[in-house]
There are 2 protein chains.
Amino acid sequence: MVENDEFDLQDFLPYLLNQAAEESSLAFQKIYKDRYGMLRTDWRVLFHLGIYGEMTAKEIGLRASIHKTKISRSVQRLAEKRFLQRTRDAADRRSEKLVLTAAGEAAYRDLRSVAQEYDAQLLASFSEEDAVALRRMLRRLAKRA
Amino acid sequence: MVENDEFDLQDFLPYLLNQAAEESSLAFQKIYKDRYGMLRTDWRVLFHLGIYGEMTAKEIGLRASIHKTKISRSVQRLAEKRFLQRTRDAADRRSEKLVLTAAGEAAYRDLRSVAQEYDAQLLASFSEEDAVALRRMLRRLAKRA
DNA sequence: CGTTGTTAGTTACAGAATCAACTACTACCT
DNA sequence: AGGTAGTAGTTGATTCTGTAACTAACAACG
């Protein structure tokens, strides 16, 4: 019995968002993976440090809604690759200040320019109003409850 | 040196899409996980069979862009839970026809109604035009190249 | 100070994703 | 028919993720 239900999976927003997110991440993923052997969390951590400068793991986690174990492992990987420098905070010795090294900065700037081009390309077929509206709505949906 | 770059992570579409996708999937995930012990791929497979009726693993994978190993393991889990029935295709004995059992149908209908409510709730704060535009743009982004 | 509670970050273990190799079968070509 | 190539689906090795338990450090209250 092949009945075509009234429900369309393509209209279910979480599904649609995931498909769009996955598809739109593919080409960028290939680049940070091939070029620097990074994972998704790695480039996010890298970008946070590149954009905001010195931060602690905790702060990155709060800003990006990434779980602390993911951050912890990502920081380890990035430190092994000499992309960041860890320094224990003298004021609170539980936490560490994280800063990009020169190599980390270089990787960040490289990937940032890739991201900018890629973003423009993704939005190229939309009008300016559409692009603005899309970002606005996505930001609303992304807001942590 | 905490310099605020010209680059805003929140404007990078793949990042924004991922954040929105993750956030908007959370509550739904909790339900299919708590109620049926399912994973993301599991409910997707279930929905495909619920909506389109009998399909092969291959067909589901094509439609949903899910890798065949994920499907294979998901089908195993769903079969163990007696949510679907596997039958070797007589015409091509490499592939199997997959059909939901009564229990599978029930789970599908239950989750479908949850999904419908949830979707309406997610879009409640958007105007009708915005909702339409959002879906249109997401579908465009989700199109496999 | 000392006990109790909390926080930053790490680690252990189990479950899940990934990629490549594999089995079983079909299709084509001669 | 026989050989080669291709396809549907599974399995295994490795890596990644998620949860919970852990360590080390701070805070607050007596």
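Just so you know, these numbers come straight off a predicted model, no measurement behind them. Protein chains get the first letters and strands the later ones, always in sequence-line order, with residue 1 at the start of each.
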Looking only at dC26(D), dT10(D), dT19(D), the nucleotide nearest the Arg93(A) side chain is dC26(D)
Side-chain contact check for Ser72(B): nearest option of dT11(D), dA17(C), dA25(D) is dT11(D)
Please give, in whole Å, the distance from [N] [atom2] to [X] [atom1]?
X	N	atom1	atom2	result
Lys70(B)	dG15(C)	NZ	P	19 Å
Leu84(B)	dG9(D)	CG	P	13 Å
Arg77(B)	dA17(C)	CZ	P	6 Å
Ile66(B)	dA16(C)	CD1	P	16 Å
Lys68(B)	dT23(C)	NZ	C1'	11 Å
Leu62(A)	dG9(C)	CG	P	10 Å
Asn18(B)	dT17(D)	CG	C1'	15 Å
His67(B)	dA8(D)	NE2	P	13 Å

Are Tyr108(B) and Phe83(B) an aromatic pair by the rule of ring centers under 6.0 Å?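 Not under 6.0 Å, so no.
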Any side-chain N or O of [X] under 4.0 Å from OP1/OP2 of [N]?
X	N	answer
Lys33(A)	dT15(D)	no
Gln76(A)	dG9(C)	no
Arg40(B)	dT17(D)	no

The answer to which of Thr69(A) and Leu39(A) contacts DNA chain D further toward the 5' end, by nearest nucleotide, is Leu39(A)
Checklist entry - Do Arg94(B) and dT26(C) have a side chain to base donor-acceptor pair shorter than 3.5 Å? => result no
Point to revise | Base dG18(D) to side chain Arg73(A), donor-acceptor N/O within 3.5 Å cut-off | key: yes
Closest to the 5' end of DNA chain C, once Lys58(A) and Asp92(B) are matched to their nearest nucleotides, is Lys58(A)
Using heavy-atom distances to pick each residue's nearest nucleotide on DNA chain C, tell me which of Val75(A) and Ala91(B) is more 5'.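 Final value for this comparison: Val75(A).
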Open item on the list: Less than 3.5 Å apart, any donor N or O on the side chain of Asp42(A) or Tyr36(A) sitting next to an acceptor on the other?
Closed with: no
Transitive ILVMFWY side-chain link Tyr15(A) to Phe7(A), under 4.5 Å: yes
Those residues at least two apart in sequence (or on a different chain) that pass side chain to side chain contact (heavy atoms under 4.5 Å, CB included) with Arg86(B) are Val75(B), Gln76(B), Ala79(B), Leu84(B), Glu96(B), Leu98(B)
**Study point:** Step-by-step salt bridge (Lys or Arg N to Asp or Glu O under 4.0 Å) determination, Asp119(B) to Arg135(B)
**Key:** CA-CA 12 Å; Asp119(B) 202 59; Arg135(B) 286 215 179 88; 2.7 Å; yes
Touch class at under 4.0 angstrom, heavy-atom based, for Arg86(A) against every strand present: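 Result for Arg86(A) = sugar-phosphate.
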